[in-house]
Amino acid sequence: MITHGRKFTRQSAESRREALIQAALDLIAEIGLHGATVREIAARANVTQGLIRHYFLSKEELIQAAYEHHMNALTDQTTAAAGDGTAVSQLTNFVIASLQPPVVDPAALALWAGFLNRVLHDPKMQCIHQQTYTYFRDQLENQIIAALNEFGRSVKASEATQLAIACNAVLDGLWLEGSAIPDAFSDGQLAQIGLTAISAIIRIPLTKEMRQP
């Protein structure tokens with residue numbers, strides 16, 4: 001039997017909210033923050049503007065939610081790739097996942113760049129940036145502490161944080177270049193550079209061969 005028209009399903013409030021955030025992210029990546037108006041976001045999500053206002057008090061609140069969602073999603077993708085092996089293999093996988101698709105991605109960089117000016121001038125966006133940065137850094141710090149412990153080395157909390165900050169800076173820089181000019185690097189090159197640099201920082205050998213299937 002052939003049916004006509006769009007099939008609608010009842011969605012939870014959370015799934016509707018996430019759909020609006022995703023529509024906003026798609027538009028920001030394509031045409032920037034200024035072009036991603038409430039009207040355009042509503043059209044992309046196939047909802048009324050009134051429904052957007054039901055979930056978000058303003059466009060600014062939607063933009064803030066979209067930025068938080070985007071940054072946390074990158075961290076969650078990376079953390080999920082760490083796997084369940086040894087602590088050293090998990091850290092190895094974490095580094096590799098940070099420096100290859102889908103985390104290294106021109107569209108992800110376009111979104112980050114689109115939000116950057118707002119982060120510099122909007123206190124609420126600065127707060128979200130701090131929270132999302134800390135979320136990623138804490139994941140990395142936990143991985144580093146576990147790997148060091150596996151090698152019989154213990155570190156003070158302050159030292160572990162310093163190591164995580166340094167390693168995060170390496171990952172950020174390579175992610176930025178890899179997303180901006182992906183054709184400039186051979187397959188796996190960024191990940192290998194990252195592993196070599198972070199191995200030197202924490203003084204533990206990390207190699208691709210440690211990655212779990």
Side-chain angles (χ1 to χ4, degrees), residues 6 8-9 11-81 94 97-140 168-185 190-191 194:
R6 181 171 298 180
F8 292 92
T9 58
Q11 294 179 302
S12 68
E14 185 60 28
S15 64
R16 286 197 190 96
R17 186 176 186 276
E18 288 185 4
L20 294 174
I21 288 173
Q22 190 57 55
L25 288 171
D26 291 344
L27 280 169
I28 293 166
E30 293 171 16
I31 57 179
L33 277 172
H34 293 297
T37 63
V38 171
R39 181 188 299 274
E40 291 294 335
I41 294 169
R44 177 62 62 94
N46 195 34
V47 300
T48 65
Q49 295 181 55
L51 184 62
I52 292 180
R53 295 190 182 93
H54 175 73
Y55 290 100
F56 303 97
L57 296 177
S58 64
K59 177 185 173 181
E60 290 303 312
E61 187 175 285
L62 173 54
I63 295 303
Q64 292 159 4
Y67 180 60
E68 182 175 18
H69 177 89
H70 174 61
M71 299 305 292
N72 284 339
L74 292 175
T75 297
D76 291 341
Q77 282 180 301
T78 304
T79 303
F94 186 94
S98 298
L99 298 173
Q100 66 182 12
V103 175
V104 174
D105 176 53
L109 176 61
L111 278 169
W112 175 81
F115 287 119
L116 185 58
N117 185 64
R118 195 67 63 90
V119 169
L120 294 174
H121 297 97
D122 182 339
K124 177 61 176 177
M125 290 287 280
Q126 289 178 6
C127 181
I128 292 171
H129 180 77
Q130 177 66 48
Q131 292 170 350
T132 57
Y133 167 80
T134 302
Y135 177 45
F136 181 86
R137 193 194 68 200
D138 285 351
Q139 301 300 315
L140 179 57
N168 184 56
V170 170
L171 296 177
D172 275 352
L174 292 173
W175 174 82
L176 178 63
E177 297 300 340
S179 297
I181 47 174
D183 294 337
F185 305 96
L190 287 176

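Numbers here are sequence positions counted from 1.
When L57, I52, L51 are each tested for a side chain to side chain contact (heavy atoms under 4.5 Å, CB included) with Y55, only one passes: L51. A side-chain hydrogen bond (donor to acceptor under 3.5 Å, both in side chains) with Y135 holds for exactly one of T75, N72, D76; it is D76.
Nearest approach of G35 to E40, heavy atoms of both residues: O-CG, 3.7 Å. When all heavy atoms are compared, the tightest approach of V119 to Q126 is O-CG, 2.7 Å. Nearest heavy atom pair, residue E61 against residue F56, reads OE2-CA, 3.3 Å. Looking at every heavy atom in both residues, Q77 comes nearest to P102 through NE2-CG, 3.4 Å. Taking both residues in full, the closest heavy atoms of G114 and L33 are given as O-CD1, 3.0 Å, listed atom of the first, atom of the second, then distance. When all heavy atoms are compared, the tightest approach of T132 to H129 is OG1-O, 3.1 Å.
Taking CG of L74 as the reference point, atom NE2 of H69 lies at 9.5 Å (rounded to 0.5 Å). In this structure, CE on M125 lies 10.0 Å from CD on E68, to the nearest 0.5 angstrom. One finds the CD1 atom of I41 at 5.0 Å from the CD1 atom of I63 (value rounded to the nearest 0.5 Å). The distance from atom CG of L190 to atom CZ of F185, rounded to the nearest 0.5 Å, is 5.0 Å.
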Would you list the atom pairs, donor with acceptor, under 3.5 Å between side chains in residues 171-180 and any protein atom, with sequence neighbours excluded?
| unit_1 | atom_1 | unit_2 | atom_2 | d |
| --- | --- | --- | --- | --- |
| W175 | NE1 | V103 | O | 2.8 |
| S179 | OG | D105 | N | 3.1 |
| S179 | OG | W175 | O | 2.9 |

Could you pull out every donor-acceptor pair under 3.5 Å between side chains of residues 20-32 and any protein atom, sequence neighbours left out?
| unit_1 | atom_1 | unit_2 | atom_2 | d |
| --- | --- | --- | --- | --- |
| Q22 | NE2 | D26 | OD1 | 2.9 |
| E30 | OE1 | R44 | NH2 | 2.9 |
| E30 | OE2 | R44 | NH1 | 3.1 |

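Side-chain contact between Q131 and T134: absent, with no pair of heavy atoms (C-beta onward) separated by less than 4.5 Å. For the pair F115 and M71, the minimum side-chain heavy-atom distance is 4.5 Å or more. Inter-residue side-chain proximity for E60 and D122 is flagged as met; some heavy-atom pair is nearer than 4.5 Å. In this structure, the side chains of Q139 and T78 stay at 4.5 Å or more apart for every pair of heavy atoms.
Although no hydrogens or angles enter the test, the distance criterion places a donor-acceptor pair under 3.5 Å between the side chain of K59 and the main chain of A36.
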